[in-house]
Every structure is written in structure tokens, then in C-alpha cells.
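Each remark here refers to the structure printed beneath this line.
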Amino acid sequence: MEKRQELYAGKAKSVYTTDDPDLLVLQFRDDTSAFDGKKKEALARKGLVNNVFNAFIMERLEDAGIPTHFEKRLSSTESLVKKMEMIPVECVVRNIAAGGLVKRLGVEEGMTLTPPTFELFLKNDEKGDPMINESLAETFGWAKPEQLAKMKDLTFKVNHVLKQLFTEGGMLLVDYKLEFGIFNGQIVLGDEFSPDGCRLWDANTREKMDKDRFRQGLGGVIEAYEEVGRRIGINFPA
Ligand code: ATP
Ligand code: TYD
């Protein structure tokens with residue numbers, strides 16, 4: 001497999017074509033952003049940590065029967081994935097109230113959500129990733145109802161697998177965002193799962209171990225990401 005030209009540079013990853021039209025290389029960079037790109041910083045080792053973390057999670061999800069775009073890890077910061085037509089709708093599940101939900105509804109941070117909630121956001125930086133719903137997605141052609149149903153089903157399957165994994169590591173999976181795409185007509189999990197796109201708290205102290213450390217300027221961002229990884233059995237390269 002040969003890496004060819006850069007197709008797209010996002011806020012945290014760069015995407016490259018390969019000599020195989022069905023495969024792409026995702027390069028995880030150290031660049032970190034929050035608040036629609038208003039806060040930006042390069043955090044040493046973040047590309048490596050998120051690439052290794054994501055590879056581990058995607059393999060666990062595949063083992064659990066969830067179709068993912070992940071093929072293999074190529075290097076410390078690069079992974080090979082299936083080239084997909086991405087669906088511009090982000091799926092968010094919340095097990096515990098935090099972040100945007102607390103701001104929007106004024107509910108108490110830390111409240112257990114029973115049953116867990118499911119929300120949709122439009123992937124559109126210029127519009128600030130607004131919250132949408134199934135009706136808007138269908139009318140504006142962002143996703144078809146049957147695609148949304150499959151995305152919801154897979155997003156909750158991921159919750160089942162990952163809640164258990166993080167619980168075993170002494171952590172709470174508070175919330176997370178997933179992106180899906182279409183490969184050979186099938187809905188497949190894409191993008192990444194890492195502490196950049198979820199909230200994880202220590203189960204005893206409720207200390208934040210995710211990107212909120214960056215958002216809130218708490219420091220120790222990558223140290224926390226690596227600690228999360230170690231607790232679920234990841235050995236990060238030096
Ligand atoms: P955001 O940070 O809001 O997710 P971004 O575009 O800045 O947006 P990056 O993670 O920096 O995000 O860039 C990676 C890009 O690659 C995203 O646009 C993502 O949707 C896209 N992508 C992820 N997996 C695949 C795939 N298998 N095929 C095609 N594109 C993909
Ligand atoms: P949310 O609380 O709605 O937004 P914010 O993190 O801006 O307060 O986010 C819920 C979870 O989904 C959180 O773990 C972050 C993740 N997420 C993203 O990573 N990107 C996104 O564009 C969105 C909408 C959420």
C-alpha cells in the first residue's frame with residue numbers, strides 16, 4: 001500500500017489517498033481544537049496516543065460485530081481505513097449529563113440519564129455543528145430514515161461494549177460522538193473514538209480524563225488520555 005496525495009486536512013487529522021481507491025490513510029496530528037476551532041494548540045504525543053487508542057477501540061468494536069472502517073494501524077500516527085462517503089450527521093449518546101446538555105437544559109452535571117439519550121448534530125463547522133433531528137436530516141437530504149435508524153442502533157451497540165470496557169478500567173463513559181459513512185452500500189462506523197470525542201470520568205473521584213481538560217484549561221491533557229488507555233490495557237509506544 002502506497003500513501004499518495006493529501007485529500008483533506010481537518011482540525012485534528014489529515015486524510016490521504018492510497019494506490020487502492022477503496023482505502024485511505026488517516027494521519028492523527030498533535031493539533032487540538034475546541035469551541036468550533038476558536039481554541040487551538042498542538043499537544044505533544046496527541047497524534048500517537050489517539051491513533052493507538054482508536055485502533056484498540058475499533059478492534060474491540062469489530063470483535064463485538066460492529067462494522068467499522070478500520071483496517072490496520074500503519075505507524076505511530078497513521079491508520080489505514082476504508083474510504084467512505086461520510087454522512088454529515090454526528091450521533092451523540094449521553095449516559096451522564098455534562099457539557100452541552102447541562103448548558104441547554106440547565107440540568108445538574110453528573111446526573112445519571114435513564115435511559116441514555118441520543119442526539120443528532122449536523123457536521124458543519126461554519127454553522128457551529130447545530131443540533132438537528134431525523135425530520136430535518138430527511139428533508140434536507142443529510143441522511144435517510146433507514147440510515148439514521150441503523151446509525152442509532154449501532155451507536156447504542158457501541159455504548160453497550162464501551163460502557164463495560166471503561167467500567168472495568170474504573171471509569172465512567174459520560175458521553176461520546178460517533179460518525180458514520182457508507183461503504184459498499186452499508187452503514188459503517190468511521191472517523192475515530194478517542195478521549196477527544198467523548199467524556200470519561202474516574203469512577204471514584206469523577207476527575208475528568210478527556211478533552212474537557214483542554215476545553216477547561218485543566219492541564220495534564222495527554223497524561224490523562226494515556227492513563228485512560230493504560231487502564232483499559234493499551235501499551236503506548238515510547
Ligand atoms: P471535526 O473535528 O468536527 O470532526 P474535522 O473535519 O476537522 O471535523 P478531522 O478529524 O480533523 O475532523 O478530519 C478527519 C476527517 O476525515 C473528518 O472530516 C471525517 O469525517 C473524515 N473521515 C473519517 N473517516 C473517514 C473515512 N473512512 N472515509 C472518508 N472520510 C473519513
Ligand atoms: P456536547 O456536550 O453536545 O458538546 P460540547 O462538548 O461542545 O459541550 O458533546 C457531547 C459529546 O460528544 C462530548 O463528549 C463531545 C462529543 N462531540 C464531539 O466530539 N464533536 C461534536 O461536534 C459534538 C457535537 C460532540
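Predicted model only: the values in this text are computed from it and were never measured. Index from 1, following the sequence. Read the numbers this way: they start at 1 and go in the same order the structure lists the ligands and their atoms. Reckoned from all heavy atoms, side chains included, excluding hydrogens, waters and symmetry mates.
If you number the atoms of ligand 1 from 1 as listed, the ones under 4.0 Å from a heavy atom of V81 come out as 27 (N). Within the listing of ligand 2, atoms 6 (O), 15 (C) sit less than 4.0 angstrom from a heavy atom of R215. Ligand-side atoms of ligand 1 in range of L24: 28 (N), 29 (C), range being under 4.0 angstrom from any heavy atom. For ligand 2, the atoms lying closer than 4.0 Å to a non-hydrogen atom of C198 are 14 (O). Each of the following atoms of ligand 2 lies closer than 4.0 Å to a heavy atom of D129: 22 (O). Those atoms of ligand 2 that come under 4.0 Å of a heavy atom in Y176, given as number and element, are 12 (O).
In terms of protein heavy-atom proximity, atom 7 (O) of ligand 1 is nearest to K11 N, 2.6 Å. The nearest heavy-atom contact from the protein to atom 9 (P) of ligand 1 is K13 N, 3.8 Å. In this structure, atom 5 (P) of ligand 2 lies nearest to the protein heavy atom R199 NH2, 3.6 Å. At the shortest separation from atom 30 (N) of ligand 1 among protein heavy atoms lies M86 CG, 3.4 Å. Closest to atom 16 (O) of ligand 1, if we only count protein heavy atoms, is V15 CG2, 3.5 Å. For atom 20 (N) of ligand 2, the closest non-hydrogen atom on the protein side is K177 CE, 3.5 Å. Nearest protein heavy-atom contact of atom 6 (O) of ligand 1 is Y8 OH, 2.7 Å. Looking at atom 20 (O) of ligand 1, its nearest protein heavy atom turns out to be E179 OE1, 2.8 Å. Atom 29 (C) of ligand 1 has its closest protein heavy atom at M84 O, 3.4 Å. Residue, atom and distance of the protein heavy atom nearest to atom 24 (N) of ligand 1 are D191 N, 3.2 Å. The shortest contact between atom 4 (O) of ligand 2 and any protein heavy atom is with G100 N, 4.1 Å.
Between N95 and V174, the closest side-chain pair of non-hydrogen atoms is not below 4.5 Å. Taking the side chain as every heavy atom from C-beta outward, V92 and L120 never approach each other to under 4.5 Å. Contact annotation: the side chain of F236 approaches that of V49 to within less than 4.5 Å [non-hydrogen atoms, C-beta and beyond]. At least one side-chain heavy atom of I182 sits under 4.5 Å from a side-chain heavy atom of I187.
For ligand 2, the polar-atom distance check against D175 finds a nitrogen or oxygen pair separated by under 3.5 Å. At a 3.5 angstrom cut-off on N or O pairs, G99 does not count as close to ligand 2. By the 3.5 Å distance cut-off applied to N or O atoms, A12 is counted among the residues near ligand 1. Considering backbone and side-chain N/O atoms, H69 comes within less than 3.5 Å of an N/O atom of ligand 1.
With sequence neighbours excluded, the residues that form a ring-ring contact (aromatic ring centres under 6.0 Å, His included) with W142 are F140. Partners of D30 according to the salt bridge (charged side-chain N to carboxylate O under 4.0 Å, His left out) rule, which considers only residues two or more places apart in sequence or in another chain, do not exist here.
Ring geometry, F156 versus F118: the interplanar angle falls from 30° to 60°, so the pair is classed tilted.
Test D196, D125, D36 against K11 for side-chain contact (heavy atoms from CB on, under 4.5 Å) and you get one pass: D125. Remark: of the listed residues L23, V81, L80, V81 is the sole one forming a side-chain contact (heavy atoms from CB on, under 4.5 Å) with H69.
Within the model, atoms SG of C198 and CZ of R94 stand 12.5 Å from one another, a figure rounded to the nearest 0.5 Å.
For K144 and E138, the salt-bridge test fails: no basic side-chain N is under 4.0 Å from an acidic carboxylate O. A salt bridge does not link E62 to K157: none of the charged nitrogens lies less than 4.0 Å from a carboxylate oxygen.
R231 places a side-chain N or O within 3.5 Å of a backbone atom of G170 that can act as its donor or acceptor partner. D210 places no side-chain N or O within 3.5 Å of a backbone atom of P195 that could act as its donor or acceptor partner.
Comparing heavy-atom distances from atom 3 (O) of ligand 2 across R94, E90, M131 singles out R94 as nearest. The option from E85, K82, E90 that lies nearest to atom 26 (C) of ligand 1, judged by heavy atoms, is K82.
Within 6.0 Å of NZ on K82 lie more than 12 heavy atoms contributed by other residues, nucleotides or ligands.
Residue contact check for ligand 1: K123 places a non-hydrogen atom closer than 4.0 Å to it.
By the criterion of a heavy-atom distance under 4.0 Å, neither the backbone nor the side chain of F35 is placed next to ligand 2. At a 4.0 Å heavy-atom cut-off, ligand 2 does not touch K211 at all.
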